[in-house]
Amino acid sequence: MTSRRWVLATEEYNLHLMKKKGESVVRKNPQALLHALGNIEPKLMNKIIKDDYTSKKNNKSFWCQHCSVVLLVKKEPKKRQPQTCSRCQTIMYPGAENSPLNHKGYCADGIKQVLKDGGDELPPWPQPRGIFSEGHIFYPHTFLSAVQCIYKHVFMHGPGDMDMLETEAFAKLLVSRTEVHDDGAVLFQLFKDFMVDPSTPCE
């Protein structure tokens with residue numbers, strides 16, 4: 001599910017929560033639900049793999065219903081334990097071999113899922129699409145466009161909706177790697193493990 005749909009799902013969840021517990025209830029953040037999914041998906045898959053849907057109350061109806069809502073395990077003769085990405089909290093191999101749904105060493109936003117020894121800290125998930133790709137390429141033009149888009153929306157009240165998950169993650173990235181010098185220059189520290197898009201003009 002895309003980060004934008006996560007935001008919409010969170011809004012819907014909060015509406016149901018307020019109807020049930022009142023306006024004073026603490027509303028959930030999309031990241032909170034995302035981490036909750038990362039915890040529950042492996043449990044669901046383990047129940048499917050073991051074919052064990054018995055609850056603590058010795059009832060199978062609850063887990064049978066919830067494990068059949070979405071196909072989490074690919075159909076193959078040999079079943080294996082599910083693996084969840086520690087960065088984006090999604091199942092790494094939901095599809096068959098070579099499926100585009102599977103992780104290829106990097107997450108859907110183009111950033112590698114595992115930090116190398118001695119490498120830069122990975123940007124928080126999810127970054128806006130097109131800034132990073134294949135786990136090792138950085139696109140400065142798309143990066144600057146994202147900065148401009150956020151600036152117009154936040155400070156100039158520009159039109160359109162922002163993807164809150166991506167905006168929050170991108171803002172954290174900017175804060176962690178931006179330097180403001182005494183002469184007014186604002187610099188963004190590049191990642192040493194990412195190469196700049198070769199088609200980027202030198203000037």
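In this chain, residues are counted from 1 in sequence order.
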Which distance, rounded to the nearest 0.5 Å, do you find between the [atom1] of [X] and the [atom2] of [Y]?
X	Y	atom1	atom2	answer
E23	L17	CD	CG	10.5 Å
L122	Q127	CG	CD	10.5 Å
E134	I111	CD	CD1	13.5 Å

Exercise. Taking only residues two or more places apart in sequence, or in another chain, which ones meet E121 in a salt bridge (Lys or Arg N to Asp or Glu O under 4.0 Å)?
Worked result: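 Checked E121 against salt bridge (Lys or Arg N to Asp or Glu O under 4.0 Å); zero matches.
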Exercise. Are the side chain of T178 and the backbone N or O of V175 linked by a donor-acceptor pair below 3.5 Å?
Worked result: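 Such a contact is absent between T178 side chain and V175 backbone.
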Exercise. Between R177 and Q189, is there a donor-acceptor pair closer than 3.5 Å when you use the side chain of the first and the backbone of the second?
Worked result: yes
Applying side-chain contact (heavy atoms from CB on, under 4.5 Å), name anything that partners [X], two or more places apart in sequence or on another chain.
X	value
V114	none
H181	E179, D183, A185, L187
V26	none
D182	none

Are [X] and [Y] packed together at the side-chain level, in the sense that at least one heavy-atom pair is separated by less than 4.5 angstrom?
X	Y	value
C107	C85	yes
H16	K20	no
Q113	H103	yes

Exercise. Going by side-chain heavy atoms closer than 4.5 Å, which hydrophobic residues are tied to M195, directly or by a chain of links?
Worked result: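 Its cluster mates, by chain and number, are I137, Y139.
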Exercise. Once the angle between the rings of F143 and F170 is folded into 0 to 90°, is it parallel (under 30°), tilted (30 to 60°) or perpendicular (over 60°)?
Worked result: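 Perpendicular: the ring planes of F143 and F170 meet at over 60°.
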Exercise. Does W125 share a hydrophobic cluster with Y106, counting links as ILVMFWY side-chain heavy atoms below 4.5 Å and allowing steps through other members?
Worked result: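 No, no single cluster joins them.
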For this session: For D197, enumerate each residue passing the side chain to side chain donor-acceptor pair (under 3.5 Å) test, keeping only those at least two apart in sequence or located in another chain.
Result: S199
Problem set entry | Sequence neighbours excluded, every pair satisfying side chain to side chain donor-acceptor pair (under 3.5 Å) that has a member inside residues 140-150 |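 Listed by first then second residue: nothing to list.
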Problem set entry | Where P124 and K172 come nearest, the two heavy atoms and their spacing |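 In this case the closest contact between P124 and K172 is CG-CB, 3.9 Å.
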For this session: Taking ring-ring contact (aromatic ring centres under 6.0 Å, His included) as the test, write out the residues that go with F194, two or more places apart.
Result: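 Checked F194 against ring-ring contact (aromatic ring centres under 6.0 Å, His included); matches are F132, F191.
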Exercise. Any salt bridge (Lys or Arg N to Asp or Glu O under 4.0 Å) pairs touching residues 101-114, not counting sequence neighbours?
Worked result: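 Found R87-D109, K112-D193.
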